[in-house]
Amino acid sequence: MKVRISDDALALACGADIVAAGFKKAGVVVERVSSWGMHWLEPLVEFDGVGYGPVCVDDVAMIIDGRAQSIGRIEDHPFIARQSRLTFARAGKTRPTSLDDYYATEGWIGLAKAREIGAAATIDVVLESGLRGRGGAGFPAGIKWKTVASAVAEQKYIVCNADEGDSGTFADRMVMEGDPFMLIEGMAIAGFAVGASMGYVYIRSEYPHAIAKMEAAIRLSAHLIAPFVIEVRVGAGAYVCGEETSLLNSIEGKRGEVRAKPPLPALEGLFGKPTVVNNVLTLATVPWILAHGGDTYAAFGAGRSKGTMPIQLAGNVKYGGLFEVAFGITLGELVNEIGGSTASGRPVRCVQVGGPLGAYIPPSQFDLPFDYEAFAAADALIGHAGITVFDDTVEMAQMARFAMEFCAFESCGKCTPCRLGSTRGVETIDQIIAGKNVDANLALITDLAETMKYGSLCALGGFTPYPVMSAIKHFPEDFR
Ligand SMILES: Cc1cc2nc3c(=O)[nH]c(=O)nc-3n(C[C@H](O)[C@H](O)[C@H](O)COP(=O)(O)O)c2cc1C
């Protein structure tokens, strides 16, 4: 008798260890696997080919004797069956730090392919795939790699951005905790392609399980990726350290302050050397692309948004979790059909897409397709593809204030529009909430948002206007 239970941080927080101990006590072999990403069902267990969830320790005996209500084969669950899992193909199925499991599920095929076809052809495959950066800006990965490959330097670096600061996002964490060899393989392919022998994974300190799994997986696979070497660096809890130049400063042991661009990190990055900085999901998708072909990946998606996106449904949503799907799906499908609308049962008032700097989008715009260009045209951003759902009890003036307050709290302080603009922004919204000179203050906040958008050194100050102005535009009644 064998049971499979996730050891992902979310499953642990829901009591997976206690359930696992219950099965062990009953004489069942317990296998700790990655998470399927159906958060509302955690702790989810797979016993005798079918799933049960959420399970508590009192259910163990009933599951063993077949008296408990199962959800059927987990792979057939509509939440999983509707997905196109390429990056998350192993989710729920393999033991995170088992090299045997990784080998058995197409592991290391991408790296072998890269070594077989050579560095330049590897970059061509990534270019052909149309893969764009999953960290927020959506910049084509192949073009960044090509720039670093063309730079002449004795030392180049691959830096994996695993800061995952956006609210309501967890896909990077799930990769690192659930499928760390995939990220390692992606970094090794990047290193091979651009001529870098050293890589760093910059992980936020709030992810202790991810740090432990990555360190273990790096030790176990060092001989497979040699001469490429990877080390983990741990952040100290600043949102701005997810911005690539702050992140580089932080790895160098300096204060996490944004650098002016140019020079681009691709030319003068870590320790002044040419550096690829890519998000976890960007790098983790590369092994699949190399193994299956750039054209196969590009066949998924819509327009210039190629491939699949691991979308993260969070906040006040009934069925929250990880939903990987080809670009082009609408927000309405994601929130209402897949997410099942709010967990509270009240009407959805809006969603925020793309973390704390993302726009608030009302249900009247839920026909918006998940696509970089379509979102940009609607004054919104996909970011790291976190969708946070709010019901009709949300107060949008408070949310606008929160965006400015967040920016003031997290600003690195280097540029004036972000450092001072955000503080003045909080004060101005406070005036509006208090009903003082509302028209004049709304005009002032609009002007301030323009200044922050165009005058800030990085997207922290530059994107804070998105949540603020979208709240004012779509929910004007909350400001009067
Ligand atoms: C304030 C701020 C925070 C950011 N946080 C993250 C983050 O947590 N993770 C991430 O991958 N990118 C983050 N980014 C984007 C990075 O600067 C950069 O674009 C990204 O790491 C590049 O990788 P990609 O091309 O694979 O997306 C942030 C940007 C800004 C302005």
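Read the numbers this way: they start at 1 and go in the same order the structure lists the ligands and their atoms.
The pair Asp179-Arg90 counts as a salt bridge, with a side-chain nitrogen and a carboxylate oxygen less than 4.0 angstrom apart.
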Inventory of protein N or O atoms under 3.5 Å from ligand 1 N or O:
unit_1	atom_1	unit_2	atom_2	d
ligand 1	5 (N)	Gly242	O	3.4
ligand 1	8 (O)	Glu164	N	3.1
ligand 1	8 (O)	Gly165	N	3.1
ligand 1	9 (N)	Asn161	OD1	3.3
ligand 1	11 (O)	Asn161	ND2	3.4
ligand 1	11 (O)	Asn279	ND2	2.8
ligand 1	12 (N)	Asn161	ND2	3.1
ligand 1	14 (N)	Gly242	O	3.2
ligand 1	17 (O)	Glu244	N	2.9
ligand 1	21 (O)	Asn161	ND2	2.9
ligand 1	23 (O)	Val277	O	3.4
ligand 1	23 (O)	Asn279	N	3.3
ligand 1	25 (O)	Lys144	NZ	3.1
ligand 1	25 (O)	Asn278	ND2	3.4
ligand 1	26 (O)	Asn278	ND2	2.9
ligand 1	26 (O)	Asn279	N	2.8
ligand 1	26 (O)	Thr282	OG1	2.7
ligand 1	27 (O)	Arg134	N	3.4
ligand 1	27 (O)	Gly135	N	2.7

Under 3.5 Å, which donor-acceptor pairs do the side chains of residues 135-148 form with other protein atoms, sequence neighbours left out?
unit_1	atom_1	unit_2	atom_2	d
Lys144	NZ	Val277	O	2.8
Trp145	NE1	Asn278	OD1	2.9
Thr147	OG1	Ile143	O	2.8

Output a table of donor-acceptor pairs, distance under 3.5 Å, between side-chain atoms of residues 456-474 and any protein atom two or more places apart or on a different chain; print 'none' if there are none.
unit_1	atom_1	unit_2	atom_2	d
Ser456	OG	Met452	O	2.7
Thr464	OG1	Leu460	O	2.7
Ser470	OG	Tyr360	N	2.9
Ser470	OG	Tyr466	O	2.6
Ser470	OG	Pro467	O	3.2

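Partners of Lys453 by salt bridge (charged side-chain N to carboxylate O under 4.0 Å, His left out), not counting sequence neighbours: none found.
The closest side-chain donor-acceptor pair between Thr285 and Thr87 falls under 3.5 angstrom.
Side-chain N or O atoms of Glu177 include none that pairs as donor or acceptor with a backbone N or O of His209 at under 3.5 Å.
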